[in-house]
Number of protein chains: 2
Amino acid sequence: MPPTLTPRQQQILDWIAERVRRQGSPPTRVEISAAFGFSSPNAAESHLRALARKGAIVLDSGRARGIRLSESGASGDRLPLIGRVAAGSPILAAENVEEELGMNGQSFSPQAHYLLRVRGDSMIEAGILDGDLLAVHRTPEARQGQIVVARLGEEVTVKRFHRRGRKVQLRAANPEYQTIEVDLDRQELIIEGLGVGVLRRW
Amino acid sequence: MPPTLTPRQQQILDWIAERVRRQGSPPTRVEISAAFGFSSPNAAESHLRALARKGAIVLDSGRARGIRLSESGASGDRLPLIGRVAAGSPILAAENVEEELGMNGQSFSPQAHYLLRVRGDSMIEAGILDGDLLAVHRTPEARQGQIVVARLGEEVTVKRFHRRGRKVQLRAANPEYQTIEVDLDRQELIIEGLGVGVLRRW
DNA sequence: CCGATTACTGTATAAATACCCACCATGCCT
DNA sequence: AGGCATGGTGGGTATTTATACAGTAATCGG
């Protein structure tokens with residue numbers, strides 16, 4: 001669970017959410033200050049930082065009105081879209097979420113928990129193109145030949161999974177790419193999830 | 001009724017609406033220009049003025065990202081899945097709807113109105129496999145090279161659209177398939193819609 | 001008593017952003 | 001032939017906005 005917000009922080013978060021609902025765009029620091037009577041925009045700034053640190057919002061740095069609500073409630077019919085996964089962070093960390101797509105994870109089976117943007121054409125023969133969104137079911141279990149999201153060190157990759165004893169092969173679906181061999185006794189391999197579908201937007 | 005928007009204006013409005021829904025904040029002139037390939041932010045500015053003049057949006061002058069959508073068009077969050085299209089029936093006829101998928105058409109841009117199950121591998125080089133679901137935006141207008149849902153007589157097909165004068169080519173994305181040539185003076189060709197994305201479920 | 005966190009005031013600045021001007025080409029209406 | 005909307009390029013400027021830095025004061029756990 002996220003750290004609890006202070007009453008003041010909750011109040012500010014509520015106000016921002018209300019603003020977004022009513023005006024369609026998030027407020028600036030100056031607008032927040034005006035609404036709460038702060039005489040310095042820095043008061044708003046530090047509240048925003050606190051809210052971002054606690055995961056209640058995401059700040060897009062350098063952008064005017066770059067405040068996104070982390071959409072804590074009302075999930076179920078929205079899937080987070082994961083773009084680039086920052087080194088060392090859990091996949092679903094707020095910083096990795098680019099946007100939320102209005103679709104139900106239950107449209108896939110097993111259920112999709114998130115969408116991952118695929119980079120490169122290593123899976124082209126499986127009909128997965130550069131930029132496609134892979135629907136992922138969160139599970140550490142994979143069977144032969146399934147498409148998995150795997151983490152090797154700081155890299156997150158999408159490949160076909162093949163296992164023989166303590167050796168795992170991660171195979172691309174493109175003859176130009178080499179199969180990655182992993183010895184489980186020497187390297188750590190984390191299966192983040194299973195590909196359960198593809199979404200492409202033009 | 002507000003004055004009708006030109007296709008270009010509608011396209012831009014759709015994109016803005018989509019942006020707001022997905023990112024939570026409206027775009028800047030520069031972002032619009034980047035998305036549409038304008039080399040001057042003024043192109044976006046004048047489109048916004050046109051949209052504002054026609055009442056499609058409201059511009060808050062002097063504010064960063066001060067674009068508000070007048071018409072909040074709360075469309076449904078379910079898309080019909082069209083399987084086989086019965087001869088002679090309109091695509092969206094109830095008899096053609098296999099199921100309703102819990103996803104928002106606004107996840108695509110322009111908006112998707114329905115999903116069509118693609119049969120065969122004629123579009124395999126565009127990454128569309130047998131059984132994939134094509135997200136379709138309903139419109140009779142297509143431009144060179146776009147993927148369209150076309151109706152020729154009783155057949156509904158998915159192909160790339162190319163036009164030269166009164167002749168239209170419907171090209172497969174698979175060398176094993178022949179291009180279909182249509183002379184608009186001799187045969188009727190109906191463009192049912194535009195492919196705006198792909199959904200694959202494993 | 002110390003450090004950390006909260007909750008602000010006040011000032012400053014670089015970058016993001018809205019918005020102005022001049023101009024061009026096309027098509028449509030009268 | 002002329003006016004007007006559309007759909008642009010190219011460049012410029014004033015304003016908005018995010019965000020850094022320097023403080024003050026209060027609260028809380030150890």
Side-chain angles (χ1 to χ4, degrees), chain A residues 1-16 19-20 23-70 94-95, chain B residues 1-16 19-20 23-70 110 139 141 143-144 165:
Chain A
M1 278 297 103
T4 45
L5 302 181
T6 66
R8 191 57 161 166
Q9 287 166 358
Q10 186 63 56
Q11 200 181 345
I12 288 169
L13 179 60
D14 289 345
W15 183 84
I16 293 172
R19 252 294 301 242
V20 170
Q23 304 242 12
S25 62
T28 66
R29 275 69 167 165
V30 171
E31 286 168 357
I32 296 173
S33 298
F36 287 91
F38 305 153
S39 62
S40 166
N42 192 40
E45 174 73 16
S46 45
H47 272 118
L48 290 177
R49 301 217 168 223
L51 287 170
R53 183 161 29 82
K54 293 181 174 181
I57 62 176
V58 177
L59 292 175
D60 291 335
S61 83
R63 301 169 69 121
R65 302 175 190 272
I67 303 171
R68 286 182 307 181
L69 302 173
S70 295
E95 63 188 288
Chain B
M1 229 33 224
T4 48
L5 302 182
T6 66
R8 191 58 162 166
Q9 287 165 359
Q10 185 62 54
Q11 200 181 347
I12 288 167
L13 179 60
D14 287 346
W15 183 84
I16 294 171
R19 253 295 302 247
V20 170
Q23 306 247 9
S25 62
T28 67
R29 274 68 165 165
V30 170
E31 285 168 356
I32 296 172
S33 298
F36 286 91
F38 304 153
S39 64
S40 167
N42 190 41
E45 175 73 18
S46 46
H47 277 301
L48 290 177
R49 304 230 166 205
L51 287 170
R53 181 160 31 81
K54 292 182 175 180
I57 61 175
V58 176
L59 291 175
D60 292 334
S61 83
R63 305 167 68 121
R65 300 171 190 273
I67 302 171
R68 285 181 309 189
L69 301 172
S70 314
T139 172
E141 293 175 29
R143 278 183 282 168
Q144 299 292 343

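All chains are named by letter (A, B, ...) in the order of the sequence lines, taking the proteins before the strands, and each is independently numbered beginning at 1. Side chains are part of it too, since the values below use all heavy atoms of this structure and drop only hydrogens, waters and symmetry mates.
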Determine the contact category for A:Arg29: base if any of its heavy atoms lies under 4.0 Å from a base atom, sugar-phosphate if only primed atoms, P, OP1 or OP2 are that close, otherwise nothing. base

Grab the CG-P distance between A:Leu59 and D:dA20 for me, whole Å please. 11 Å

Is there side-chain contact between A:Thr6 and A:Lys54, with heavy atoms separated by less than 4.5 Å? yes

For the pair made of CG in A:Leu5 and P in C:dT5, what is the distance, rounded to whole Å? 16 Å

Between A:Arg49 and A:Glu31, which is nearer to the 5' end of DNA chain D once each is assigned its nearest nucleotide? A:Glu31

Value in whole Å for how far the C1' atom of C:dC20 lies from CG of B:Leu48: 15 Å

For the residue pair B:Trp15 and B:Phe36, categorise the inter-ring angle as parallel (less than 30°), tilted (30 to 60°) or perpendicular (more than 60°). perpendicular

Just one of A:Val20, A:Val58, A:Leu59 clears the side chain to side chain contact (heavy atoms under 4.5 Å, CB included) bar with A:Ile67, so which one? A:Leu59

Atom CG of A:Leu51 and atom C1' of C:dT5: how far apart are they, to the nearest Å? 14 Å

Tell me: CZ of A:Arg63 to P of D:dT19, nearest whole Å? 11 Å

Within the structure provided, determine whether A:Leu5 and A:Ile12 are in side-chain contact (heavy-atom separation under 4.5 Å). no

Please give, in whole Å, the distance from C:dC19 C1' to B:Ile32 CD1? 13 Å

Go through the steps to decide whether A:Arg65 and A:Thr28 satisfy the test side chain to side chain contact (heavy atoms under 4.5 Å, CB included), and finish with yes or no. CA-CA 5 Å; A:Arg65 302 175 190 272; A:Thr28 66; 3.6 Å; yes

Which angle, rounded to 10°, do you find between the first-five-pair axis and the last-five-pair axis of the helix from C:dC1-D:dG30 to C:dT30-D:dA1? 40°

From CZ of A:Phe36 over to C1' of C:dC8, roughly how many Å is that when rounded to an integer? 13 Å

In whole angstrom, what separates A:Ile57's CD1 from D:dA18's C1'? 13 Å

Each nucleotide of nucleotides 4-15 of chain D classed B (base within 4.0 Å of a protein heavy atom), S (only sugar-phosphate) or -, in 5' to 3' order, makes --SSSBB-----

Value for CG (A:Leu51) from CD (A:Gln10), rounded to nearest 0.5 Å, stands at 8.5 Å

CD1 on A:Ile32 to CD1 on A:Ile16, rounded to 0.5 Å: 4.0 Å

Please report the C-alpha distance between A:Gln11 and A:Asp14 in whole Å, then the side-chain angles of each, then the deciding distance to 0.1 Å, and finally whether the side chain to side chain contact (heavy atoms under 4.5 Å, CB included) criterion is met. CA-CA 5 Å; A:Gln11 200 181 345; A:Asp14 289 345; 5.7 Å; no

Check side chain to side chain contact (heavy atoms under 4.5 Å, CB included) between A:Ser39 and all other residues, then give those that pass, not counting sequence neighbours. none

